Amino acid sequence: MSIVTHLINGEMRPANGRVADVFNPSTGKAVCQVELASQATVEEAIAAAKAALPAWRNLPPAKRAQILFRFKTLLEENEAKIVALISEEHGKTPEDAAGELRRGIENVEYATAAPELLKGEFSRNAGPDIDSWSDFHAVGVVAGITPFNFPAMVPLWMYPLAIACGNTFVLKPSERDPSSTLLIASLLLQAGLPAGVLNVVNGDKEAVDTLLASPDVKAISFVGSTPIAEYIYREGTRRGKRVQALGGAKNHAVFMPDADLDNAVSALMGAAYGSCGERCMAISVAVCVGDHIADALISKLVPRIKALKVGAGTQCGLDMGPLVTQAHLEKVTGYVNDGVAAGAELVVDGRDISIAGHEQGFFIGGCLFDRVTTEMRIYQEEIFGPVLCVVRVASLEQAIALINQHEYGNGTCIFTRDGESARLFSNEIEAGMVGINVPLPVPVAFHSFGGWKRSLFGDLHAYGPDGVRFYTRRKTITQRWPKRETHEAAQFAFPSNQ
Ligand code: NAD
């Protein structure tokens with residue numbers, strides 16, 4: 001069986017350490033293994049990034065951007081190969097995998113604007129005969145730690161922009177689906193990236209803890225679950241690093257009595273069950289304002305959930321593949337059992353699904369709970385599976401209060417035809433990304449992505465303008481060239497323009 005290893009200083013490393021199996025979730029069988037980097041291997045990657053830094057950060061941004069232009073073309077040319085690897089190891093459908101790759105490519109496109117993005121600010125005559133300007137410098141060696149659910153897109157949120165800004169990078173992808181991430185990184189080398197500017201180490205906690213401990217790693221971008229995000233933020237900032245750590249979610253969609261229900265149901269189907277619910281922006285709670293809309297929503301949802309086309313993630317034309325691992329399947333099934341025990345009404349039960357020819361795959365069908373209440377675990381915790389909970393409230397104000405009380409605040413949306421309700425909702429809701437009749441309000445590459453509350457630890461969101469700020473340090477230079485013959489007395493009062 002092949003072993004996925006590491007890309008360090010421009011070379012693929014031979015395997016010589018601990019390994020873990022990587023599964024095809026549609027068959028339940030291991031397809032390859034991944035090496036789990038030791039502390040020494042990660043330290044080598046950090047050293048390679050550190051050695052590549054001086055030349056890379058001093059390269060004109062336009063030359064760095066030219067490499068990213070070639071990278072974008074290579075990503076497009078290799079789409080089929082990348083999509084096949086994502087589907088094989090993650091389980092999402094090829095159409096869904098192509099969607100994440102294309103969103104990732106949009107982040108590469110944004111990063112090619114580095115010469116424009118890094119232009120500074122200049123003030124002539126900031127004081128008497130004094131000019132002042134600010135410009136943006138690389139932070140240094142940056143580490144990225146990414147989750148399993150977007151093996152192409154989330155790494156592409158990070159390193160294209162980080163290296164465009166002059167940093168060098170060590171990426172630690174998810175050990176559950178590492179192959180597409182490594183292939184994509186190797187395409188960047190093929191595009192002409194100098195050795196050491198981007199390094200990829202596969203691994204687990206040992207690799208992550210080595211990145212956290214290293215004084216040479218100056219900043220960390222993390223995306224994953226909230227407990228690990230909080231750990232990375234705490235340990236990273238304690239050691240003086242700049243950290244942005246994006247965590248988990250419980251995204252609510254509000255259905256107002258005047259919603260265009262047929263379109264809203266279509267939107268909800270994709271947002272709740274697409275990618276088997278394994279998206280941090282998936283809608284997992286439908287908050288219905290009034291029993292009438294709740295009953296109507298459920299009666300339209302039930303036949304559509306029962307008709308979901310579930311099958312091998314490598315096949316085209318399906319709605320949903322399997323969950324990523326056996327352990328995750330057991331976790332999601334456990335939540336469904338828990339919801340039943342807690343008294344929620346399981347209107348559609350996807351637990352007993354079996355896919356002919358793929359009996360060992362990690363499959364679960366779409367599940368729908370009605371009459372979910374806020375003290376239930378299925379409401380409070382992130383399930384990360386195809387499980388939608390309906391909560392009934394009496395007014396928009398109650399819906400807003402409910403959402404604002406939840407510990408997570410990643411994304412949310414409202415379905416309505418009323419501008420006043422939409423405006424009140426978008427003003428008052430405590431979440432970082434809000435959709436109005438848009439179920440998955442994932443910001444485009446030239447905005448920035450991030451949640452509020454326990455969905456993000458740190459100050460700056462990912463990619464876009466906040467990404468540029470995260471991956472750069474501002475330096476402000478104040479300059480004066482006194483006339484040769486002037487003799488000035490010492491000034492002891494603090495200088496000002498007054
Ligand atoms: P995870 O937290 O288990 O893993 C994320 C990364 O952290 C992986 O690279 C993993 O190897 C590493 N890791 C895991 N346990 C660790 C430990 N104890 N110490 C150090 N490192 C550790 O997350 P996942 O299961 O891969 O991904 C799903 C989660 O990611 C969900 O909670 C989802 O909401 C979240 N997510 C959030 C966003 C966002 O933008 N907010 C985007 C995608 C996914």
Side-chain angles (χ1 to χ4, degrees), residues 46-47 49-65 110-111 113-143 158 161-170 197 211-222 230 232-245 432 446-448 450 452 456-498:
I46 297 169
K50 192 179 176 190
L53 183 65
W56 182 250
R57 73 167 173 229
N58 285 316
L59 198 67
K63 286 192 183 294
R64 298 198 294 253
Y110 182 78
E116 172 70 22
L117 298 169
L118 295 174
K119 275 200 309 210
E121 300 156 352
F122 184 85
S123 296
R124 188 169 61 85
N125 288 338
D129 292 330
I130 292 174
D131 303 324
S132 185
W133 71 91
S134 296
D135 56 14
F136 299 97
H137 293 245
V139 176
V141 176
V142 176
M158 299 176 180
L161 193 54
I163 66 171
C165 292
N167 302 283
T168 56
F169 207 91
V170 180
V197 175
L211 293 168
L212 280 169
S214 170
D216 291 327
V217 173
K218 302 299 181 195
I220 300 185
S221 291
F222 172 88
E230 197 168 21
I232 303 281
Y233 185 77
R234 192 181 60 236
E235 292 303 307
T237 52
R238 187 169 71 78
R239 291 164 163 120
K241 298 182 200 309
R242 186 180 283 193
V243 181
Q244 56 178 185
F446 36 95
H447 285 260
S448 298
W452 286 13
L456 184 142
F457 302 87
D459 305 305
L460 290 167
H461 289 194
Y463 68 76
D466 269 19
V468 178
R469 289 291 165 266
F470 185 78
Y471 294 126
T472 56
R473 288 182 291 178
R474 175 187 289 265
K475 185 180 278 182
T476 303
I477 294 141
T478 305
Q479 166 180 274
R480 180 169 176 238
W481 299 99
K483 294 193 180 65
R484 282 173 208 283
E485 303 309 322
T486 51
H487 298 285
E488 291 171 352
Q491 260 196 42
F492 295 97
F494 202 67
S496 80
N497 273 325
Q498 299 307 310

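Here the structure is a predicted model, which means the values were calculated and not measured.
By the neighbour-count criterion of 12 heavy atoms within 6.0 Å, atom CZ of F122 is densely surrounded, having more than that number from other residues, nucleotides or ligands. No more than 12 heavy atoms of other residues, nucleotides or ligands sit less than 6.0 Å from atom CD of E485. The 12-atom threshold is not exceeded at NE2 of H447, counting heavy atoms of other residues, nucleotides or ligands nearer than 6.0 Å.
Side-chain atoms of S448 come within 3.5 Å of backbone N or O of D466 as a donor-acceptor pair. Between the side chain of K218 and the main chain of P215, a donor-acceptor pair closer than 3.5 Å is present. Put simply, the side chain of R242 gets close to the backbone of F470: a donor and an acceptor are under 3.5 Å apart.
Sorted by first and then second residue, the pairs that involve residues 115-127 and meet side-chain hydrogen bond (donor to acceptor under 3.5 Å, both in side chains), not counting sequence neighbours, are E116-K119, E121-R474.
At least one side-chain heavy atom of N497 sits less than 4.5 Å from a side-chain heavy atom of P128.
With sequence neighbours left out, K50 forms a salt bridge (Lys or Arg N to Asp or Glu O under 4.0 Å) with D216. Here R469 pairs with nothing under the salt bridge (Lys or Arg N to Asp or Glu O under 4.0 Å) rule; sequence neighbours left out.
Comment: E235 engages R239 in a salt bridge, judged by a side-chain N to carboxylate O separation of less than 4.0 angstrom.
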Practice task
Show your reasoning for whether side chain to side chain contact (heavy atoms under 4.5 Å, CB included) applies to V468 and F136.
Solution key: CA-CA 9 Å; V468 178; F136 299 97; 5.9 Å; no
